[in-house]
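Below: the structure, in structure tokens.
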Amino acid sequence: MVAISSVGAVAMAALVMVVRIKASAKPTNVKKIVLPPIFMSTGALMYIDPQFRLTFPEIIEAIVIGMFFSIFLIKTSKFEIRDQDIYLKRSKWFIVILVGLLFIRVILKSVMSSAMPYTQLAGMFFLLAYFMILPWRIAMFIDYKKLYKQLHGA
């Protein structure tokens, strides 16, 4: 099960890279920044099933690690004004960091899979991913709004 979820993580990372590269070719907007964490939040429904529930220390650990990882995404996500629109700048480091985070995640999952059931591990890694994406998207939203005010004077 860990191998299957690791393959899934690699596929998702590849998808994120493709989406990110395409996104930098088109102007961005608030919806493109805010909607991904909202859509992802539906995954929290897994916690309805008791098998996926986490202990308080596991929750704190997943949130702290996710927020730590988000720092790297925040540092490599910048906007620029081009042709009177706001674009996400391409960053060579973003891909490197994304692959690095994926590598760390696969190793953590492999190590932790012997210590806890895969359902609980899935719950923990969902929470980690969510708290990696949420602060990143909040930071992007704040940066976008600053440039929007600069561009439109509003």
Side-chain angles (χ1 to χ4, degrees), residues 2-44 46-47 52 54-82 85-116 118 120-151:
V2 172
I4 292 170
S5 66
S6 294
V7 169
V10 170
M12 289 299 290
L15 180 66
V16 167
M17 288 181 219
V18 169
V19 168
R20 176 70 186 258
I21 289 166
K22 285 185 177 186
S24 65
K26 298 177 187 172
T28 195
N29 58 44
V30 171
K31 275 199 253 184
K32 290 179 183 179
I33 296 168
V34 173
L35 288 178
I38 292 171
F39 293 149
M40 188 180 171
S41 66
T42 60
M46 80 170 81
Y47 299 116
F52 291 92
L54 305 171
T55 64
F56 186 71
E58 291 167 341
I59 292 168
I60 297 301
E61 183 179 338
I63 290 172
V64 168
I65 292 170
M67 292 179 86
F68 174 74
F69 286 169
S70 75
I71 293 168
F72 300 103
L73 297 174
I74 292 166
K75 292 288 184 191
T76 57
S77 298
K78 302 293 175 212
F79 293 104
E80 64 184 351
I81 297 173
R82 275 189 279 152
D85 279 314
I86 301 172
Y87 289 80
L88 190 58
K89 279 187 187 180
R90 278 194 178 177
S91 168
K92 294 172 190 163
W93 282 107
F94 180 80
I95 302 298
V96 172
I97 287 170
L98 200 60
V99 170
L101 292 175
L102 176 65
F103 181 73
I104 291 167
R105 182 180 170 193
V106 169
I107 289 174
L108 283 172
K109 205 177 246 190
S110 297
V111 170
M112 294 173 71
S113 67
S114 62
M116 62 187 348
Y118 73 89
Q120 211 172 350
L121 193 59
M124 196 166 180
F125 275 88
F126 170 81
L127 199 58
L128 184 151
Y130 191 76
F131 277 91
M132 182 171 68
I133 290 169
L134 187 63
W136 173 41
R137 292 300 176 138
I138 290 170
M140 287 175 72
F141 177 77
I142 292 167
D143 289 347
Y144 175 85
K145 281 303 203 180
K146 285 179 189 173
L147 278 182
Y148 186 88
K149 282 182 183 179
Q150 181 183 332
L151 187 62

What heavy-atom pair brings [X] and [Y] nearest, and what distance separates the two atoms?
| X | Y | answer |
| --- | --- | --- |
| Asp143 | Ser77 | OD2-O, 4.3 Å |
| Pro135 | Ile74 | O-CD1, 3.8 Å |
| Phe141 | Ile33 | N-CG2, 3.7 Å |
| Tyr130 | Met40 | N-CE, 3.5 Å |
| Gly123 | Met46 | CA-SD, 3.6 Å |

Close side-chain approach of [X] to [Y], heavy-atom, < 4.5 Å:
| X | Y | value |
| --- | --- | --- |
| Leu88 | Met140 | yes |
| Lys75 | Ile71 | yes |
| Phe72 | Met132 | no |
| Leu147 | Gln150 | yes |
| Phe131 | Ser70 | no |

Let me confirm one number: the [atom1]-[atom2] distance from [X] to [Y], rounded to the nearest 0.5 Å.
| X | Y | atom1 | atom2 | value |
| --- | --- | --- | --- | --- |
| Ile133 | Leu73 | CD1 | CG | 8.0 Å |
| Tyr144 | Leu151 | OH | CG | 8.5 Å |
| Leu102 | Ile97 | CG | CD1 | 13.5 Å |
| Met124 | Met112 | CE | CE | 4.0 Å |
| Glu80 | Lys89 | CD | NZ | 5.5 Å |

Inset, instruction - Could you tell me whether Tyr47 atom OH has more than 12 heavy atoms of other residues or ligands within 6.0 Å of it? - result: yes

Legend entry - Geometric cation-pi criterion, Lys145 with Tyr148: 6.0 Å, 45°: yes

Kindly list each side-chain donor-acceptor pair under 3.5 angstrom involving residues 56-68, sequence neighbours excluded, with atom names and distances?
residue, atom, partner, partner atom, Å
Glu58, OE1, Thr55, N, 2.9
Glu58, OE1, Thr55, OG1, 3.3
Glu58, OE1, Gln120, NE2, 2.9
Glu58, OE2, Gln120, NE2, 3.3

Inset, instruction - With sequence neighbours left out, write down each residue that passes side-chain contact (heavy atoms from CB on, under 4.5 Å) with Lys26, or none if nothing qualifies. - result: Lys32

